[in-house]
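Since we're looking at a predicted model, the values are computed, not measured. We're numbering straight along the sequence, starting at 1.
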Amino acid sequence: DISFAFHVWPVEQGALVMDESKLGKNHFRTISDALEAASPGDTIELGDGHYFINDPGLVVNSPVRIVGDENEPAHVILEMSGELVWKARGGWMEGVTIRRPRIAAGGTPSNQIMRVDGGRLNIFNCVFDNSGSIGQCVSVNGNKAGGSWERAIIKGGSQDKSGLVAESGACIQLIGGNICENSGAAITCRDQSIVVLSNCTMERNGVDAIIKDEYEHVEQSKEEVQAKSVAALILS
């Protein structure tokens with residue numbers, strides 16, 4: 001192991017019951033334990049399997065790299081009961097699926113799956129699925145909050161909520177993404193935020209379009225949009 005790489009065991013390898021003396025150097029039972037030990041720029045590596053994250057979820061304050069399977073995010077699944085809140089002004093996420101636990105515990109949660117709260121996060125080949133919860137799937141808020149997200153799938157916004165909400169001056173770029181299966185609009189952009197789309201697809205949403213409030217700015221470049229409703233405007 002190299003000192004700046006931290007490994008987290010999935011539940012399939014007995015992470016939750018493993019004797020601490022058998023964990024090995026820089027190995028952890030939970031992602032939260034690894035985040036607590038990590039310094040800016042460190043990498044948290046996730047092996048194939050499931051990682052259960054209890055309510056209220058995770059808060060990331062340090063610019064770290066979270067790396068799963070860059071070729072198949074379905075191999076690395078974070079079963080999220082709360083929210084992933086990214087506050088760090090930098091960071092990277094690659095090859096993971098974040099979704100609601102398939103085995104329900106208690107009532108229906110009222111959370112989004114991820115919230116970029118004033119931070120910056122770049123993403124490659126990840127799936128965000130809020131199916132089973134009440135609320136939008138992902139939001140980015142705060143002046144200059146955002147990042148570049150390539151091959152991101154955003155789905156599961158419920159109760160007329162959007163897949164992606166950009167607000168309060170956020171700036172987000174989506175490249176080759178798919179915003180799908182959200183009850184409301186694919187994307188909502190407000191409060192002087194900027195959303196840039198390149199080669200993205202919107203499909204099977206309540207409204208396959210961008211809802212854009214006054215003063216917001218949306219750029220579209222070579223996107224593939226299947227618009228099925230005249231209830232919203234697609235603006236450039």
Side-chain angles (χ1 to χ4, degrees), residues 8-13 15-16 28-35 44 46-60 66-69 72-87 91 93-117 119 121 123-141 147 149 151-167 172 174 177-188 201-208:
V8 184
W9 294 104
V11 295
E12 288 84 350
Q13 295 189 23
L16 300 181
F28 298 87
R29 289 192 185 94
T30 67
I31 297 173
S32 60
D33 288 345
L35 284 171
I44 297 174
L46 307 178
D48 289 2
H50 293 75
Y51 300 82
F52 287 88
I53 301 169
N54 296 326
D55 199 21
L58 292 173
V59 178
V60 181
I66 297 177
V67 177
D69 187 330
E72 183 46 77
H75 290 168
V76 181
I77 300 175
L78 278 60
E79 305 277 10
M80 179 74 66
S81 294
E83 293 180 335
L84 171 61
V85 181
W86 197 281
K87 295 186 175 183
M93 185 184 300
E94 175 182 323
V96 300
T97 293
I98 307 179
R99 71 183 191 187
R100 295 302 174 194
R102 292 301 183 253
I103 301 176
T108 301
S110 298
N111 303 98
Q112 48 201 312
I113 204 78
M114 184 175 74
R115 174 162 51 95
V116 180
D117 188 3
L121 172 64
I123 291 171
F124 177 76
N125 200 19
C126 290
V127 178
F128 303 94
D129 185 357
N130 202 33
S131 302
S133 183
I134 299 173
Q136 58 222 18
C137 182
V138 176
S139 71
V140 183
N141 66 84
W149 298 2
R151 292 172 58 186
I153 297 175
I154 300 173
K155 61 189 295 188
S158 67
Q159 301 246 330
D160 298 322
K161 300 296 184 179
S162 296
L164 170 66
V165 175
E167 55 191 348
I172 182 81
L174 301 179
N178 185 12
I179 303 94
C180 61
E181 300 175 22
N182 297 285
S183 177
I187 298 172
T188 297
T201 301
M202 303 178 198
E203 55 186 352
R204 302 187 304 280
N205 299 286
V207 180
D208 288 321

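A donor-acceptor contact shorter than 3.5 Å links the side chain of W149 to the backbone of L121. Between the side chain of S162 and the backbone N or O of A186, no donor-acceptor pair lies under 3.5 Å. At distances below 3.5 Å, at least one donor-acceptor pair connects side-chain atoms of N182 with backbone N or O atoms of G156. Within the 3.5 Å criterion, the main-chain N or O of N130 finds no donor-acceptor partner in the side chain of Q112.
Rounding to the nearest 0.5 Å gives a distance of 10.0 Å between CE of M93 and CD1 of I44. With rounding to the nearest 0.5 Å, the separation of CD in E94 from SG in C126 is 7.5 Å. Atom CG of L164 and atom CD of Q136 lie 8.5 Å apart (nearest 0.5 Å). Distance check, rounded to the nearest 0.5 Å: CG of D160 to CD1 of I134 gives 12.0 Å. Here the OG1-CH2 distance, from T30 to W9, works out to 14.5 Å after rounding to the nearest 0.5 Å. I113 CD1 to L84 CG: the interatomic distance, rounded to the nearest 0.5 Å, is 8.5 Å.
Contact between S133 and S158 at its shortest, heavy atoms only, is O-OG, 2.8 Å. Nearest heavy-atom pair across N141 and R115 is ND2-CG, 3.9 Å. Between P73 and T97, the closest heavy-atom pair is O-OG1, 3.0 Å. T188 and A185 get closest at one heavy-atom pair: OG1-CB, 4.3 Å. Summarising the geometry of C180 relative to I153, their closest heavy-atom pair is SG-CG2, 4.3 Å, with the distance given to 0.1 Å. Heavy atoms only, all atoms of each residue included: Y51 and V8 are closest at OH-O, 3.1 Å.
Classification of R100 and E79 as a salt-bridged pair fails, no side-chain N sitting under 4.0 Å from a carboxylate O.
Here the side chains of L46 and L78 are in contact, with some heavy-atom distance below 4.5 Å.
Checking E203 against N178 by side-chain atom types alone, a donor-acceptor pair falls below 3.5 Å.
Just one residue in the list N205, V165, L174 forms a side chain to side chain contact (heavy atoms under 4.5 Å, CB included) with I187, and that residue is L174. Test I154, I123, L58 against M114 for side chain to side chain contact (heavy atoms under 4.5 Å, CB included) and you get one pass: I123.
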